[in-house]
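Everything below concerns the one structure shown next.
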Amino acid sequence: TLTEYLGIWYLYSGVISFVLAALTNYFLNRKWTFNSQDPRFIRQISIFFLVVGIGLLINNTILYFLVEYFAMWYIWARVFSSLANMIWNFLGNKNLTFKHNKKNMDNKICIVGLGYVGLPLACLLSKEYEVSGFDVDEKKIEELNNGHDRTNEIKDLKQYGIKYSFDPNIIKESNIIIVAVPTPIDEHKNPDLTFLKDASRIVGRNLRKGSIVTYESTVYPGCTEEICIPILENESGLKFNQDFSVGYSPERINPGDFEHPLDKIIKVVSASNKEALDTISKMYSSVITAGVHPVSSIKAAEATKILENVQRDSNIALMNEISMIFNKLDIDTKEVIEAADTKWNFVKYSPGLVGGHCISVDPYYLTNRSIESGLNPKFILMGREVNDYMPTYVANQVMESLKEAGKELSKSRVLILGLTFKEDVPDLRNSKAKELLVELKRNNVEVLIHDPIANPEFISSFFGQKNNTIDELNNLDAIIV
């Protein structure tokens, strides 16, 4: 009898937990949701009503003992599965833990591209699903299999149990494939879709019937349907929206920002048909506590990410121009921004160097598409011009200050302290510190560089000079932080 009560209590507590989750989601997000389409919820509540219903209808009969037997079996099954999981974790990871495997086995997921976007997503999804990861970088795969994340975004990587490989055949094992590869620009500031096209070809060759391919890479509106889907069809021999479906959910991760982790950022989702949208929404909502926001089309989802970064880039451009004006007027820009921020509808942005692989790149995806459609996007390009000029402006300000201090540029030693495109990340891609370095050296200034986070080998390759040690940072005439 005690065993029966414990079994029923366990099932009952599961139902209560979902009700509490619904209340929590309502108060936090003003949404009534308890993830009722989650297979675990359906199973939990069905078993609960079955057991309680039978228990109430019958008494002191053989069926009563069947209910009791079921409850006892349920508890012991949980106990043995937990013990088995503990032994498995210990043998595989040398980590003694009773963590029970509750993974959804209806879908298997493969993440293509294991960088700042793909790896955190793989780790998050692995909490609910069986996840594998594919990347063409063999050295990166070796690092990941050894538990090392070169982006410093994930701690204790081995705990997630993800299968990493540079063999594209691993894609065939999954029915949901998520593509998260870089989408940079070329030397002419046009979209460079090389990585995206190559990834689509690899996925297409390993795509099985009934699969869903979801893209997270930032692209211009229309790219997924015009570029990616035809490649998938050609490489797989399958028919789009008959044999496979496609979704798009723009990545919104902010590297180095641990106050806004992936699961706390609302996920915009879209798909080529309703069934795929439902599947994608359920998948993301099972791990994204902030919830999902479906939109009507893949184009709308693509445009959403572009808008987010264009808006930020334009606002920073405004503050950069303001800072140049205030500098001429001998006004402290930071003081003015702090004062203006006391008004409720002022949006606070700060001037600075705009680099990296998102804000300084994505606007060109939209402007290129706009020009192709016959519309010249003047405002966006003006903002880009201002932000692209800032490294030169900063270099000129430093050199003017050196001259005012009576220093000869050819005899001056200047330190650039911090080389990555933003704070607290090791990523050097499109870092404006390089342009700053080039401008100073062009004027015969001796420039030293130091970054405590970035990989020294990557620094030497990207900047063309070594990462100076702390002991070498002496007799300096100026420091740029």
Side-chain angles (χ1 to χ4, degrees), residues 116-117 181-196 215-228 248-255 265 268 270 293 295-326 333 337 340 345-394 421-422 427 429-436:
Y116 279 92
V117 175
V181 296
T183 45
I185 53 176
D186 61 22
E187 65 273 16
H188 304 295
K189 298 181 179 179
N190 294 319
D192 182 358
L193 301 176
T194 302
F195 296 122
L196 189 67
Y215 289 88
E216 291 214 359
S217 304
T218 304
V219 293
Y220 55 79
C223 179
T224 302
E225 292 163 305
E226 297 169 14
I227 303 295
C228 301
Y248 184 84
S249 179
E251 60 90 3
R252 283 175 149 181
I253 197 165
N254 187 23
I265 304 172
V268 175
S270 66
H293 182 92
V295 293
S296 61
S297 66
I298 289 176
K299 276 187 179 181
E302 292 168 327
T304 299
K305 177 58 187 296
I306 290 289
L307 174 59
E308 292 170 9
N309 285 347
V310 166
Q311 182 193 60
R312 184 165 175 78
D313 185 57
S314 298
N315 275 291
I316 296 174
L318 171 63
M319 300 316 295
N320 277 333
E321 189 161 80
I322 287 290
S323 70
M324 289 187 280
I325 295 172
F326 286 174
T333 303
I337 292 174
N345 60 353
F346 178 81
V347 181
K348 187 177 181 181
Y349 285 88
S350 298
L353 302 181
V354 183
H357 47 84
C358 286
I359 300 176
S360 65
V361 171
D362 298 347
Y364 292 116
Y365 272 72
L366 183 60
T367 57
N368 181 272
R369 187 64 163 171
S370 177
I371 292 170
E372 285 181 352
S373 69
L375 179 64
N376 184 26
K378 298 178 182 179
F379 180 80
I380 298 173
L381 289 174
M382 287 173 61
R384 280 279 74 236
E385 184 179 349
V386 171
N387 286 340
D388 282 345
Y389 171 67
M390 289 308 291
T392 301
Y393 175 77
V394 172
F421 81 90
K422 62 177 290 188
D427 196 349
R429 282 179 295 172
N430 201 25
S431 170
K432 295 303 175 182
K434 182 176 182 179
E435 296 178 28
L436 182 57

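- Paired with Asp362 under the rule side-chain contact (heavy atoms from CB on, under 4.5 Å), one option of Ile185, Leu307, Asn309 passes, and it is Asn309.
- Counting heavy atoms from C-beta outward, Lys189 and Arg384 have side chains that stay 4.5 Å or more apart.
- Nearest heavy-atom pair, Ser270 versus Ile298, reported as atom, atom and distance to 0.1 Å: OG-CA, 3.4 Å.
- The backbone N or O of Leu381 sits nowhere less than 3.5 Å from a side-chain atom of Tyr364 that would complete a donor-acceptor pair.
- Side-chain contact between Cys358 and Glu308: absent, with no pair of heavy atoms (C-beta onward) separated by less than 4.5 Å.
- Counting heavy atoms from C-beta on, the side chains of Leu366 and Pro377 never come closer than 4.5 Å.
- Using modelled atom types, no side-chain atom of Lys305 and backbone atom of Val219 make a donor-acceptor pair closer than 3.5 Å.
- The two residues Cys228 and Leu196 come nearest to each other via the heavy atoms SG-CD2, 3.6 Å.
- Atom CD of Glu321 sits about 11.0 Å away from atom OH of Tyr393, to the nearest 0.5 Å.
- At a threshold of 4.5 Å between non-hydrogen side-chain atoms, the residues Tyr116 and Asp427 count as touching.
- Shortest non-hydrogen contact noted between Glu435 and Pro391 is OE1-CG, 3.6 Å.
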Can Ile227 and Tyr220 be said to form a side chain to side chain contact (heavy atoms under 4.5 Å, CB included), step by step?
-> CA-CA 11 Å; Ile227 303 295; Tyr220 55 79; 3.7 Å; yes
Yes or no on salt bridge (charged side-chain N to carboxylate O under 4.0 Å, His left out) for Glu302 and Arg369, after CA distance, side-chain angles and deciding distance?
-> CA-CA 12 Å; Glu302 292 168 327; Arg369 187 64 163 171; over 6 Å; no
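- Smallest separation of non-hydrogen atoms from Ser217 and Val181: OG-O, 2.7 Å.
- Other residues, nucleotides and ligands contribute only 12 or fewer heavy atoms inside 6.0 Å of the CZ atom of Phe195.
- Distance alone, capped at 3.5 Å, is enough to place a donor-acceptor pair between the Tyr365 side chain and the Thr183 backbone.
- Residue-environment remark: CD (Glu385) stays at or below the threshold of 12 foreign heavy atoms within 6.0 Å.
- Counting only distance, with no hydrogens or angles, the side chain of Asn387 and the backbone of Asp313 share a donor-acceptor pair below 3.5 Å.
- In this structure the side chain of Val386 never reaches within 4.5 angstrom of the side chain of Met382, judged on heavy atoms.
- The side-chain heavy atoms of Phe421 and His357, taken from C-beta on, include a pair separated by under 4.5 Å.
- The environment of CZ in Phe346 is crowded: more than 12 heavy-atom neighbours from other residues, nucleotides or ligands sit within 6.0 Å.
- The two residues Ser360 and Asn430 make their nearest non-hydrogen contact at OG-ND2, 2.6 Å.
- A donor-acceptor pair is defined here as one N or O able to donate and one able to accept, closer than 3.5 Å; such a pair exists between the side chain of Ser373 and the backbone of Ser370.
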Decide yes or no on side chain to side chain contact (heavy atoms under 4.5 Å, CB included) for Lys432 and Val354, but give the supporting numbers first.
-> CA-CA 7 Å; Lys432 295 303 175 182; Val354 183; 5.8 Å; no
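- Within 6.0 Å of atom CZ in Arg312, 12 or fewer heavy atoms from other residues, nucleotides or ligands are found, so the atom counts as exposed in its surroundings.
- In plain terms, the two heavy atoms of Lys299 and Pro221 that are nearest each other are O-CB, 4.1 Å.
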